[in-house]
Amino acid sequence: MTSRFTLDRRLPERHLADSLRADVLAGLTSPPRTLPPRWFYDARGSKLFEEITRLPEYYPTRAEREILGLRAAEVADLTGARTLVELGSGSSDKTRLLIDALLRRGTLEGYAPIDVSESALSAAGQALCHEYPGLRIAATLADFGDRLCLPTGPGPRLVAFLGGTLGNLGTAERAGFYDRLRSSLGTEDTLLLGADLVKGEDVLVRAYDDAQGITAEFNKNVLLVLNRELGAGFDPRAFDHLALWNREEERVEMRLRARTGQTVSLPALGVEIPFAQGEEVRTEISVKFRRAGLTDELRRHGFAVTRWWTDARERFALLLAVPS
């Protein structure tokens, strides 16, 4: 089994620690204050997010799974992929629907998950080895937000970027991502992209501000990460969780708002951060898309959308795109 699972470590030893320090220093020392959402996902944050995906208010995971359940066989027929690559693979949970469909079609030879979490890659890889005897799993520890080095497994390759994670990238970040990805794909390769769609503000906000307060705990968890990794002095009780719909940018924004005036020390960075009462830190953006806009955005960066599927309630989209 272990011979079928490999892990290619492409991150420098201190990459995550150095990236965290750089992100926090840049994001908290000048307005508007921001923190990238990737720092939510330590062990506790990942567990909280798994709870969020099961909440009644949080529709994206269920909607995307619905589409995959109905369309995975069609994806397999259209792509004939011999290698399935997944960006930000995490637990590779929904990916099993694609693996099953490609194996039934008889084309899949290997699965190549890419993630920044070595523990997630190892756990998922070992589990998949047990579940799929004969399937090769070539995991890559990498940060595709900085650079993109796709595995060179046999083609055609299907590159899956699921979960609506595209929406965590701003316009300029998405442009850079598309360009890096396009330059890494061959003419036979295909992109499978999950995208959350614009819908009613009440539905969107509830998805990021659930009645049980789990999303609030998830949002505040980033402060505990900073306390542990940087010796910071954040008190999560001194901040309120906010989820707002930005109509102009058509995106949900998660923020933390200081309940009182306070100064937080970050000894590892040698700085103190003053917060006025009511001052906010934006911790996540989640852009929501429209079909015409996303199709045109992809076209401008060298992709032609060949299929567009939604769930029955048209909340979420799954699309296939090919290099053009």
Side-chain angles (χ1 to χ4, degrees), residues 9-46 48-49 88 114-120 141-148 165-177 180 208 215-244 246 249 251-287:
R9 297 174 177 85
R10 297 190 183 180
L11 290 180
E13 185 177 348
R14 287 192 51 80
H15 173 81
L16 291 179
D18 291 344
S19 296
L20 175 63
R21 294 167 70 95
D23 285 346
V24 172
L25 195 59
L28 293 187
T29 58
S30 59
R33 299 194 197 275
T34 61
L35 288 170
R38 62 177 171 167
W39 303 117
F40 288 136
Y41 297 97
D42 63 351
R44 180 175 183 266
S46 297
L48 286 169
F49 184 71
I114 302 173
D115 204 280
V116 296
S117 170
E118 183 167 347
S119 60
L141 183 68
D143 187 350
F144 64 83
D146 295 334
R147 58 186 64 85
L148 188 61
T165 308
L166 180 72
N168 293 147
L169 308 178
T171 303
E173 292 174 298
R174 292 198 305 277
F177 168 73
R180 292 192 298 274
Y208 294 83
T215 313
E217 286 299 307
F218 175 69
N219 194 10
K220 293 181 182 184
N221 187 64
V222 72
L223 302 180
L224 299 179
V225 171
L226 301 193
N227 287 353
R228 183 182 66 245
E229 300 298 330
L230 300 176
F234 285 101
D235 179 358
R237 297 169 298 181
F239 290 82
D240 289 323
H241 163 71
L242 298 177
L244 307 171
N246 183 326
E249 301 289 341
R251 68 192 193 192
V252 175
E253 297 182 2
M254 288 211 313
R255 304 178 187 178
L256 292 170
R257 176 183 290 168
R259 303 184 71 179
T260 61
Q262 56 193 282
T263 297
V264 179
S265 175
L266 284 87
L269 301 180
V271 297
E272 293 188 337
I273 309 295
F275 289 92
Q277 182 178 5
E279 189 169 4
E280 296 173 357
V281 179
R282 192 185 71 210
T283 53
E284 182 179 66
I285 65 169
S286 186
V287 178

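These numbers come from a predicted model, not from an experiment.
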Looking at side-chain heavy atoms only, is the closest gap between Leu20 and Leu226 below 4.5 Å? yes
Would you mind telling me which of Glu280, His241, Gln277 makes a side chain to side chain donor-acceptor pair (under 3.5 Å) with Arg257? Glu280
Heavy-atom check, side chain of Leu35 versus side chain of Leu28, under 4.5 Å: yes
For the CZ atom on Arg228, are there more than 12 heavy atoms of other groups (residues, nucleotides or ligands in this structure) within a distance under 6.0 Å? yes
Is there a side-chain contact (heavy atoms from CB on, under 4.5 Å) between Glu229 and Asp42 once you walk through the steps? CA-CA 11 Å; Glu229 300 298 330; Asp42 63 351; over 6 Å; no
Min side-chain heavy-atom separation Thr215-Met254 under 4.5 Å: yes
To the closest 0.5 Å, what do you measure between OG1 (Thr34) and CD (Glu253)? 11.0 Å
Keeping Asn227 on the side-chain end and Phe234 on the backbone end, is there a donor-acceptor pair under 3.5 Å? yes
Are any non-hydrogen side-chain atoms of Leu256 and Lys220 less than 4.5 angstrom apart? yes
Closest heavy-atom pair, Ile285 versus Asn168, reported as atoms and distance to 0.1 Å, is O-ND2, 2.9 Å
Can you tell me how far the CG atom of Leu25 sits from the CG atom of Leu266, to the nearest 0.5 Å? 9.0 Å
Using a 4.5 Å cut-off on heavy atoms from C-beta on, say whether the side chain of Val222 contacts that of Val281. no
Have Tyr208 and Ser286 got a donor and an acceptor in their side chains that come within less than 3.5 Å? yes
Kindly assign one of parallel, tilted or perpendicular to the pair Phe218 and Phe49, based on the angle between their ring planes and the thresholds 30° and 60°. tilted
Assess whether side-chain contact (heavy atoms from CB on, under 4.5 Å) is satisfied between Glu249 and Val287, documenting all intermediate values. CA-CA 8 Å; Glu249 301 289 341; Val287 178; over 6 Å; no
I need the minimum non-hydrogen distance between His15 and Leu11, along with the two atoms involved. CD2-CD2, 3.5 Å
Shortest non-hydrogen pair, Trp39 vs Val225, comes out as O-CG2, 3.5 Å
For Arg21, enumerate each residue passing the side chain to side chain donor-acceptor pair (under 3.5 Å) test, keeping only those at least two apart in sequence or located in another chain. none
Determine, step by step, whether Tyr41 and Asn221 satisfy the side-chain contact (heavy atoms from CB on, under 4.5 Å) criterion, reporting the C-alpha distance in whole Å, the side-chain angles of both residues, the deciding distance to 0.1 Å, and the verdict. CA-CA 9 Å; Tyr41 297 97; Asn221 187 64; over 6 Å; no
If every non-hydrogen atom of Val116 is compared with every non-hydrogen atom of Leu16, which pair is closest and at what distance? O-CD1, 3.8 Å
All heavy atoms of Leu169 vs all of Phe177, minimum pair found to be CD1-CB, 4.1 Å
Between Leu224 and Arg44, what is the shortest heavy-atom contact and its length? CD1-NH1, 3.7 Å
Suppose we screen for salt bridge (charged side-chain N to carboxylate O under 4.0 Å, His left out). Which residues come up paired with Glu279, at least two apart in sequence or across chains? Arg33
d(Gln262 CD, Ile273 CD1) to nearest 0.5 Å is 11.5 Å
